[in-house]
Trainee: 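Sending over a structure as structure tokens; questions will come in a sec.
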There are 2 protein chains.
Amino acid sequence: MEAMPYNRPMLLALLRKHDISPTHQRLEIAQVLFRRCHHLSADQILVMVNKRHAETSKATVYNTLNLFRDCGLIREVIVDPKRVFYDPNTEPHHHLYNVDSGEITDIAADALSVSGLPDLPPGMVTVGVDIIVRIRASDSLLG
Amino acid sequence: MEAMPYNRPMLLALLRKHDISPTHQRLEIAQVLFRRCHHLSADQILVMVNKRHAETSKATVYNTLNLFRDCGLIREVIVDPKRVFYDPNTEPHHHLYNVDSGEITDIAADALSVSGLPDLPPGMVTVGVDIIVRIRASDSLLG
DNA sequence: CTCTACATTAGACAAAGTCCAATAATTGAA
DNA sequence: TTCAATTATTGGACTTTGTCTAATGTAGAG
């Protein structure tokens, strides 16, 4: 796996490599996503990007996230019905989801193996296999 | 696994067994969920329940689904960021999700095995493991 | 039958995300 | 460097899913 693109020149190269014109807003959003490799919601990204100066709109955040997703730069993580999280790690891997705190942690794909997946209906292809391990504190209310 | 509760008396018994008072609306919703063992969204259930005569409100559908879920009668399936699906099958199993059509199909849990799940952080328990195999037609646009 | 606790309801509300038409920025070519 | 054409950004209206509330309705124990 290549090094994470921390700085502006690397982010710029990353966008160019994917034929995305590197506007100011897109670079800001990319920076937030790739600097600290967290799982972030659109709303969190909107806040972070506008921390210093308000300079990016909600519409642009959504446009950009959808663009990045379509280009394979990031991946959607669907674990919470309330919001989508975006994952800057597009290598195959899975997720640990803390249902109380909402925290998402990666599980390396090679640590884990699945056997016995069914044959697909004819003419169908697998887009991806998502494994979500939902966890919570053992002393939490529902325990 | 016990037989699916198709008819009114069986549905009534099912609700009573879970200490749910069997109102007209709850029986209608249970019927829609358990008769044809599909994965349905709240909206689909609202439409189906009011097919003949409008007699159940949106609020009641949501109240009832949350109640059934809390009682372990049904399970939420989170595969589509746009809506939650409800699954009348609470036995451990997984899902095949057609990303084009939205169709959800069960994968029997015993057909499939996962190894290499990581140790949990101390004081944490697993609530559940969800495996979602996302599929699409091989001649679909993105292919 | 009546009383009380619980269910249902319409509609207001909230949050996530999309759409639109106007404005602004970027880029390639001259 | 400048210009025109394309592409991006924007605020705000809009849509959808789901929740909340306060008022009304219902069921069933006694």
Side-chain angles (χ1 to χ4, degrees), chain A residues 8 11-13 15-32 39-50 53-71 73-87 102 104, chain B residues 8 11-13 15-16 18-33 39-50 53-71 73-87 102 104:
Chain A
R8 287 276 163 159
L11 290 169
L12 212 141
L15 297 196
R16 286 212 200 284
K17 194 172 74 182
H18 289 265
D19 287 314
I20 296 170
S21 53
T23 64
H24 183 53
Q25 289 87 341
R26 286 169 178 173
L27 279 166
E28 286 292 327
I29 292 167
Q31 191 163 53
V32 163
H39 304 83
L40 298 171
S41 68
D43 201 60
Q44 291 173 318
I45 291 167
L46 180 62
V47 168
M48 293 175 76
V49 148
N50 289 319
H53 318 290
E55 48 196 4
T56 306
S57 70
K58 184 177 71 156
T60 296
V61 169
Y62 279 102
N63 288 344
T64 301
L65 290 171
N66 290 338
L67 176 68
F68 285 3
R69 185 243 291 124
D70 292 345
C71 293
L73 231 85
I74 60 177
R75 190 217 270 198
E76 291 182 344
V77 180
I78 299 162
V79 287
D80 177 347
K82 292 218 179 306
R83 61 187 90 53
V84 171
F85 289 92
Y86 292 89
D87 189 342
I104 300 173
Chain B
R8 288 276 163 160
L11 290 170
L12 212 138
L15 297 196
R16 285 210 201 285
H18 288 265
D19 289 313
I20 297 169
S21 54
T23 64
H24 181 53
Q25 289 89 341
R26 286 169 178 173
L27 279 166
E28 287 292 327
I29 292 167
Q31 190 163 54
V32 162
L33 281 163
H39 304 82
L40 298 171
S41 68
D43 201 61
Q44 291 173 317
I45 292 167
L46 180 62
V47 169
M48 292 176 77
V49 147
N50 289 319
H53 319 292
E55 49 196 3
T56 306
S57 70
K58 185 177 69 156
T60 296
V61 169
Y62 279 102
N63 288 344
T64 301
L65 289 171
N66 290 338
L67 177 68
F68 284 4
R69 186 244 290 124
D70 292 345
C71 293
L73 232 86
I74 60 177
R75 189 217 271 197
E76 291 183 343
V77 181
I78 297 162
V79 287
D80 177 348
K82 292 219 177 305
R83 61 187 85 54
V84 171
F85 288 93
Y86 292 90
D87 189 341
I104 300 173

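In what follows, chains are A, B, ... by sequence order, proteins preceding strands, each numbered from 1.
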Trainee: Measure CG/B:Leu65 against P/D:dG18 and give the value in whole Å, please.
Mentor: 9 Å
Trainee: Using every non-hydrogen atom in the two residues, find where A:Ile104 and A:His39 come nearest and quote the distance to one decimal.
Mentor: O-ND1, 3.5 Å
Trainee: How many angstroms lie between CG in A:Leu65 and CD1 in A:Ile74, if you round to the nearest 0.5 Å?
Mentor: 5.0 Å
Trainee: Choosing from C:dG17, D:dG11, C:dA16, which nucleotide comes nearest the side chain of B:Lys82?
Mentor: C:dG17
Trainee: If you compare all heavy atoms of A:Tyr86 against all heavy atoms of A:Glu76, which two are closest, and at what distance to 0.1 Å?
Mentor: CE2-CG, 3.7 Å
Trainee: Using a 4.0 Å heavy-atom cut-off across all strands, classify A:Asp80 as base, sugar-phosphate, or nothing.
Mentor: nothing
Trainee: Classify the nucleic acid contact of B:Pro22 as base, sugar-phosphate or nothing, counting any heavy atom under 4.0 Å across all strands shown.
Mentor: nothing
Trainee: Take the protein atom NE2 of A:His53 and the nucleotide atom C1' of D:dT10, then report the distance between them rounded to whole Å.
Mentor: 19 Å
Trainee: A:Tyr62 side chain: which of D:dT9, C:dG17, C:dT9 is closest?
Mentor: C:dG17
Trainee: Expressed in angstrom and rounded to an integer, what is the separation of A:Arg16 atom CZ from D:dT7 atom C1'?
Mentor: 14 Å
Trainee: Base, sugar-phosphate, or nothing: which does B:Lys58 touch, judged by heavy atoms less than 4.0 Å apart?
Mentor: base
Trainee: Would you mind reading off the distance between A:Arg83 atom CZ and C:dG17 atom P, rounded to a whole angstrom?
Mentor: 8 Å
Trainee: Can you figure out which of C:dG17, C:dT8, D:dT9 approaches the side chain of A:Val84 most closely?
Mentor: C:dG17
Trainee: Do you know which two heavy atoms are closest between B:Pro81 and A:Val84, and how far apart they sit?
Mentor: CB-CG2, 3.3 Å
Trainee: Nearest to the side chain of B:Arg26 - C:dT8, C:dT26, D:dG12?
Mentor: C:dT8
Trainee: Can you tell me the distance, in whole Å, between the CG atom of A:Asp43 and the P atom of C:dT18?
Mentor: 13 Å
Trainee: Could you report the tightest heavy-atom contact between B:Ile20 and B:Cys71, atom names first, then the distance?
Mentor: CD1-SG, 3.8 Å
Trainee: Counting any heavy atom closer than 4.0 Å, what does A:Ser41 reach on the DNA or RNA strands: base, sugar-phosphate only, or nothing?
Mentor: nothing
Trainee: How long is the line joining CD of A:Gln44 and P of C:dA15, in whole Å?
Mentor: 15 Å
Trainee: Which part of the nucleic acid, if any, lies within contact of B:Thr60, taking any heavy atom under 4.0 Å across all strands shown: a base, the sugar-phosphate backbone alone, or nothing?
Mentor: base
Trainee: Identify the heavy atoms of B:Asp80 and B:Arg83 that sit nearest to each other, and give their distance.
Mentor: OD2-NH1, 2.5 Å
Trainee: Quick check for you: among D:dT17, C:dT27, D:dA8, whose closest atom lies nearest to any side-chain atom of A:Thr23?
Mentor: D:dA8
Trainee: Quick one: on DNA chain C, does A:His24 or B:Asn63 contact a more 5' nucleotide (nearest heavy atom)?
Mentor: B:Asn63
Trainee: Between A:Gln25 and C:dA25, is there a side-chain N or O to OP1/OP2 distance below 4.0 Å?
Mentor: no
Trainee: Just the rounded figure in Å: distance from C1' of D:dT17 to CD1 of A:Ile78.
Mentor: 15 Å
Trainee: Whole angstroms only, please: what is the CG-P distance between A:Leu46 and D:dG11?
Mentor: 10 Å
Trainee: Taking for each residue the nucleotide of DNA chain C with the nearest heavy atom, is it B:Ile20 or A:Asn66 whose nucleotide lies nearer the 5' end?
Mentor: B:Ile20
Trainee: Kindly point out which of C:dG11, D:dT17, D:dT7 is positioned nearest to the side chain of B:Ala59?
Mentor: C:dG11
